[in-house]
There are 2 protein chains.
Amino acid sequence: MTAVGQGKGGRAGARRATLATVADLAGYHVSTVSRVLNGTTVPGARSASSAAAERIRQVAREVGYVPNAQAAALRRQRTGMVGVIMARMTDTVAATIYEGVERAAAEHGYQTLVMNSWDDDETRARCVDLLMAHGVDALIHGDALADGSSLQVLERSGLPFVLVNRGAGAYPSVTADDRGGGRQAAEHLLALGHREVGVLAGLPYAGNAIERTRGFCETFAEAGHPVRPDRVVPTTFDSAGGRTGADRLLRAGDGPTALFAVSDAAAIGALGSLRDQGLHPGRDVSVVGFNDMPIAGDLTVPLTTVRSPMREIGERSVALLLAVMEGEPGEVVRFPTELVVRETTGPAPGLTRGR
Amino acid sequence: MTAVGQGKGGRAGARRATLATVADLAGYHVSTVSRVLNGTTVPGARSASSAAAERIRQVAREVGYVPNAQAAALRRQRTGMVGVIMARMTDTVAATIYEGVERAAAEHGYQTLVMNSWDDDETRARCVDLLMAHGVDALIHGDALADGSSLQVLERSGLPFVLVNRGAGAYPSVTADDRGGGRQAAEHLLALGHREVGVLAGLPYAGNAIERTRGFCETFAEAGHPVRPDRVVPTTFDSAGGRTGADRLLRAGDGPTALFAVSDAAAIGALGSLRDQGLHPGRDVSVVGFNDMPIAGDLTVPLTTVRSPMREIGERSVALLLAVMEGEPGEVVRFPTELVVRETTGPAPGLTRGR
DNA sequence: ACGTTATAGCCAAAGGATTGCACAACCCGC
DNA sequence: GCGGGTTGTGCAATCCTTTGGCTATAACGT
């Protein structure tokens, strides 16, 4: 295993150029090179002569010098990376929030190091450890447990962090106003005359799902039409979960006339279930989703849903994190949601449907 | 700025425990601690006594020692991280592939460091630099330009890399058999009697889009019904792109009777366009997508599409990367696709449609 | 012409983990 | 009881950058 034999092209095996390489070639000391390349315009006015600076930059470019972030991180005690934990990237909601996070972080000179926790406790814990090992300066936690149980270790570690998408207790977090969104969905269905409704309630330990369900159910209860407990079924957030849940709710003889899904993907799964049973969304059974993901409006029967500003939520979480890193107190931020009425909802059919 | 003032709980300001901390407390030398904690079961069998090992592990646990990956990476010349560049995570295809990558990488003890390039040249280049700076051991490139122009720098750098999702020339890559998939879509539509078809062709510089379009068009040409060039419109891969493209194709007086979209999202966008024009998918206009993302089968009119094993592609790319890192030659892998016929395709209507 | 002050650049010490080498103690056999 | 072979540990160099301290030179004022 002598030669490195990777890229066929260049000087394979020749290790990356370091400060020393540049210093030698340019005829300066590494410290000078470092200062030039870092543009240390800071206090001591430790600037190099412009001649030196130019020469050094020239050489650096020639040898393709890329600073070793590891070494730099070791010396200054910061990596410029923030860790991001998400349940899974194929959840469009998570992905969109993440895009917001990445963009905002980049704007402030931070890299993001993402990991998928798969909503699994052990993996979640391992993520935190790994991210800490890689020296992230802070953490954005996208899949906290509603009871905050996963966060105590984190808090003890002293690593600054904020929650996003799923809140938990008083921990600093940025989410949609999930409860309010649930209420909006409920009010809409109530206004359409629906009385017997079901909820595809999402994961029972996810703060956002809980709040959405709560807002929805309490609104129906206040209107004098409490949601039957057996009509609130836990699901995953994806379409498969929505489908299974809807199957269960609709196959029962006295199915509900409307469904509220705590995610658009689950709502689409419910649409699949409806279709299989020959039911038409918006006419036979109404369906309301959550988030308003981009395809919602393009469906052949466009989805009524509660819009949440996902990307903004991601961006805001970075701002909040930065504040927390500065030692500021850290707040609980909730973005208002907006009901988007399309065609999967319609007036309630006669109290008892056939079939 | 004396106290650190982050986590309120624990010993804030107390820096992370290091090897030295553990060594002192356990009464051993840091080198011994290092060996124990790394389980250096390697060749020299220079193991520590089990007494020492136990004590050391005990102490490490007590003080919550987390190794500093930066420092370790500096010393051994590897970080255990592979960089991943994707156009954007909200593209479900990219996200799914990434999930495969992450999982497979983790299985082999690697972390992934993802970045979104937004399909922008400058950003793409910056991603590579940043990933190199962070010392990734290798790179998985998910948004190569078809002409390979973005890859020469990379090749020169000597960093091992493979392409995924979008191939380019003879560079090692893992993709679906995009051309074959395009053919399958075409054969299906031909069999249904469609002669006048349009293509939502994706980004003109993306290898996968190009190949899918090519496979499709060549099959129609071979059948004696070449696709009119003005009916092949470039689009983005998302639903907005598909919608705009379909609007353009269908608004022309003599619209095609079928559309092939190089992504499911674009296909769904096309469905939106159809709906707006009062056209029924599968009856008035047939639509074929690509990838078979999970919701495809749950749509109210389920989507006919060409299935590609996205997650597997991601996983395989890691395997290939590992091989390349070992100095093996690096191949071009293409996974076969499978046509999934659902309900957005049907027999071609009379040669000229009304309206 | 000499003292004073910038300026440009070098020196060397971290920072935390890994690892080849050296060393001491111990075991065994004869 | 001593040589040869293990075995468990310690020593110290090394990876690359950053940065406070320091020196030498140049510039400037009177």
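Residue numbering restarts at 1 for every chain, and letters A, B, ... go by the order of the sequence lines. Just the heavy atoms: all of them, side chains too, but no hydrogens, waters or symmetry mates, feed the values below.
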Donor-acceptor side-chain pairing of A:Asn165 and A:Thr175 below 3.5 angstrom: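 No, no side-chain donor-acceptor contact under 3.5 Å.
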Side-chain donor or acceptor of A:Gln111 paired with backbone N/O of A:Gly80 under 3.5 Å: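 No; judged by distance alone, with no hydrogens or angles, the pair does not exist.
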Under 3.5 Å: donor-acceptor pair, side chain of B:Glu102, backbone of A:Asn116: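 The answer is yes, because a donor-acceptor pair under 3.5 Å joins these two groups.
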Residues A:Arg103, A:Glu315; criterion salt bridge (Lys or Arg N to Asp or Glu O under 4.0 Å); working and verdict: CA-CA 7 Å; A:Arg103 177 149 282 192; A:Glu315 289 169 353; over 6 Å; no
Short N-O contact, A:Arg124 and A:Asp119, less than 4.0 angstrom: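 Result for this pair is yes, salt bridge flagged.
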Distance criterion of 3.5 Å, no angle test: do you see the side chain of [X] paired donor-to-acceptor with the base of [N]?
| X | N | value |
| --- | --- | --- |
| B:Ser31 | D:dC11 | yes |
| A:Arg35 | D:dG20 | yes |
| B:Arg75 | C:dG15 | no |

Using whole Å, what does the distance between atom [atom2] of nucleotide [N] and atom [atom1] of [X] come to?
| X | N | atom1 | atom2 | result |
| --- | --- | --- | --- | --- |
| A:Met132 | C:dG16 | CE | C1' | 15 Å |
| B:Arg76 | C:dG16 | CZ | P | 17 Å |
| A:Gln70 | C:dT18 | CD | P | 13 Å |
| A:Leu74 | C:dG16 | CG | C1' | 5 Å |
| A:Arg78 | D:dT19 | CZ | C1' | 16 Å |
| B:His29 | C:dT18 | NE2 | P | 14 Å |
| A:Arg55 | C:dG9 | CZ | P | 13 Å |

Any idea which of [options] is nearest the [X] side chain?
| X | options | result |
| --- | --- | --- |
| A:Tyr28 | C:dT18, D:dC15, C:dC10 | C:dC10 |
| B:Ala71 | D:dT18, C:dA17, D:dG10 | C:dA17 |
| A:Thr32 | C:dA17, D:dT18, C:dC10 | C:dC10 |
| A:Leu19 | D:dC11, D:dT9, D:dT17 | D:dT17 |

Inter-end axis angle, the helix from C:dA1-D:dT30 to C:dC30-D:dG1, with every axis fitted to five base pairs (rounded, 10 degrees):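 Inter-axis angle at the ends, rounded: 40°.
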A:Leu139 and its side-chain contact (heavy atoms from CB on, under 4.5 Å) partner, picked from A:Leu321, A:Val84, A:Leu154: A:Leu154
B:Tyr65 and its side-chain contact (heavy atoms from CB on, under 4.5 Å) partner, picked from B:Leu37, B:Val33, B:Ile56: B:Leu37
With a cut-off of 3.5 Å and sequence neighbours excluded, list every side-chain donor-acceptor pair involving residues 22-30 of chain B.
| residue | atom | partner | partner atom | Å |
| --- | --- | --- | --- | --- |
| B:His29 | ND1 | B:Ser31 | N | 3.1 |
| B:His29 | ND1 | B:Ser31 | OG | 2.9 |

Check whether any side-chain nitrogen or oxygen of [X] sits under 4.0 Å from OP1 or OP2 of [N], and answer yes or no.
| X | N | answer |
| --- | --- | --- |
| B:Tyr65 | C:dA17 | yes |
| B:Thr18 | C:dA17 | yes |
| B:Asn38 | C:dT18 | yes |

Most 5' of B:Gln77 and B:Gly27 on DNA chain D, judged by nearest nucleotide: B:Gly27
Touch class at under 4.0 angstrom, heavy-atom based, for B:Ala52 against every strand present: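 It contacts sugar-phosphate atoms only.
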